[in-house]
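Everything below concerns the one structure shown next.
Numbers for residues simply follow the sequence, beginning at 1.
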Amino acid sequence: DRFMAKPKDKAAGAPVAFVLNQFVVEGGTIDFDDRPESTRHTVRDLQLRIPLIAHVPGRTEADVEPVFKANVNDMALDLSGRLRVFAEPLGARLKIDFRNFELTRYLEYLPFSPGFKLASGVLDGTMDIDAVNHKDKGTVLAAKGQLTLAKLDVQEPSGAPLVSLARLNVDLESLAPFERSVQIKAVTAEGLNVQVVRRSTGLNLQALAKIPGREEAPAADSPGPAPRFQLAEFALKEATVGFTDETVTPPFRSEASGIT
């Protein structure tokens, strides 16, 4: 009651002034037990450093330079950059480096049951991300970097081989999702193996694109710019394509290997 009876501050409603200097977390540990999915996630060796973040006169123009490092489910994650959180235009310039991102650990979080089995797949990457929020023209988001997919093994539910890949390198020159633009400098695929099987129900590769429960909707005009995609260079090394036709007796089989 005494607090409520105090006279109101003339500056009520004004932004709160604060200074956070040298915020540091070292050796942090997080364990997440996802019981509905019967899996566990771990974060080890967590490091978080924020040298300075201030909302006081004369300091709002300063960028925040955080550093975040951790080992997430055996994936090495390193994030650093600059954030502008108080002065216009708000934005961020981040560099993300990750190693040993195991795709199989997160397949259960798909909102549907895929018609294939992912036996293995590891993703590495280094990405530079720029995001700026302009009051007059909204958010501009752009990314570039390198991605490497290795040890990919996609199988049919029965375990029969479908698509495997020793290594896929993608050199991404520019990704602007709000402008619907993708520019790729180079893609190199090594050791690609595709096994195509024709059955009375269709091709086995259809399982990769089929999403259970989703009905095909008629195409509709979408607002915004037309999608743009550019690939400057594509290289294929030591690829294999197999074809089996099970609709005939005996089944017809053929294979082409050493495709470069």
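- Taken from CG in L203 to CZ in F243, the straight-line distance is 7.0 Å, to the nearest 0.5 Å.
- The side-chain heavy atoms of N193 and L165, taken from C-beta on, include no pair separated by under 4.5 Å.
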List the atom pairs, donor and acceptor, that lie under 3.5 Å between side-chain atoms in residues 143-152 and the rest of the protein, sequence neighbours left out.
| unit_1 | atom_1 | unit_2 | atom_2 | d |
| --- | --- | --- | --- | --- |
| Q146 | NE2 | D171 | OD1 | 3.2 |
| T148 | OG1 | N169 | OD1 | 3.0 |

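- The CG atom of L162 sits 11.0 Å away from atom CG of L118, with the distance rounded to the nearest 0.5 Å.
- The closest donor-acceptor contact from the side chain of R44 to the backbone of A70 lies at 3.5 Å or more, if one exists at all.
- Closest heavy-atom contact between A207 and G115: CB-O, 3.3 Å.
- Take E26 and apply the salt bridge (charged side-chain N to carboxylate O under 4.0 Å, His left out) test, not counting sequence neighbours, and it matches R49.
- Note: L172 CG to T126 OG1 = 12.0 Å, rounded to the nearest 0.5 Å.
- For the side-chain hydrogen bond (donor to acceptor under 3.5 Å, both in side chains) test, residues two or more places apart in sequence or in another chain that qualify with E65 are R82.
- Rounding to the nearest 0.5 angstrom, the gap separating the CG atom in L77 from the CZ atom in F101 is 10.0 Å.
- Not a single donor-acceptor pair under 3.5 Å links the side chain of D45 to the backbone N or O of G27.
- Closest non-hydrogen pair, K69 versus D78, comes out as CE-OD2, 3.4 Å.
- With sequence neighbours left out, the salt bridge (charged side-chain N to carboxylate O under 4.0 Å, His left out) criterion links D128 to K95.
- Between the CG atom of D63 and the CG atom of L83 there is a distance of 8.0 Å, given to the nearest 0.5 Å.
- In this structure a side-chain-to-backbone donor-acceptor pair under 3.5 Å is present from N100 to D74.
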Decide side chain to side chain contact (heavy atoms under 4.5 Å, CB included) for T240 and E255; before the verdict, give the C-alpha distance in whole Å, the side-chain angles of both, and the deciding distance to 0.1 Å. CA-CA 7 Å; T240 299; E255 183 173 279; 3.7 Å; yes
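- For residues 231-245, the set of pairs meeting the salt bridge (charged side-chain N to carboxylate O under 4.0 Å, His left out) definition, not counting sequence neighbours, comprises R198-D245.
- Scanning for ring pair (Phe, Tyr, Trp, His ring centres under 6.0 Å) contacts around F98 gives an empty result, with sequence neighbours left out.
- Not counting sequence neighbours, the partners of D130 by the side-chain hydrogen bond (donor to acceptor under 3.5 Å, both in side chains) test are R93.
- H41 meets the side-chain hydrogen bond (donor to acceptor under 3.5 Å, both in side chains) test with N73, Y109; sequence neighbours excluded.
- When the salt bridge (charged side-chain N to carboxylate O under 4.0 Å, His left out) test is applied to R228, no partner is found at least two apart in sequence or on another chain.
- Hydrophobic clustering of Ile, Leu, Val, Met, Phe, Trp and Tyr side chains at less than 4.5 Å, counting indirect connections, unites V182 with L231.
- The CG atom of L205 sits 9.5 Å away from the CD atom of Q195 when rounded to the nearest 0.5 Å.
- Pairs of residues two or more places apart, or lying in two chains, that qualify as salt bridge (charged side-chain N to carboxylate O under 4.0 Å, His left out) and include a residue from residues 156-165 are E156-R199.
- Partners of T139 by side-chain hydrogen bond (donor to acceptor under 3.5 Å, both in side chains), not counting sequence neighbours, listed by chain and number: N133.
- Between A131 and L141 the shortest heavy-atom distance is CB-CD1, 3.8 Å.
- Residue pairs meeting the salt bridge (charged side-chain N to carboxylate O under 4.0 Å, His left out) criterion with at least one partner in residues 102-115, sequence neighbours excluded, do not occur; the list is empty.
- Considering only heavy atoms from C-beta on, N204 stays 4.5 Å or farther from F116 through its side chain.
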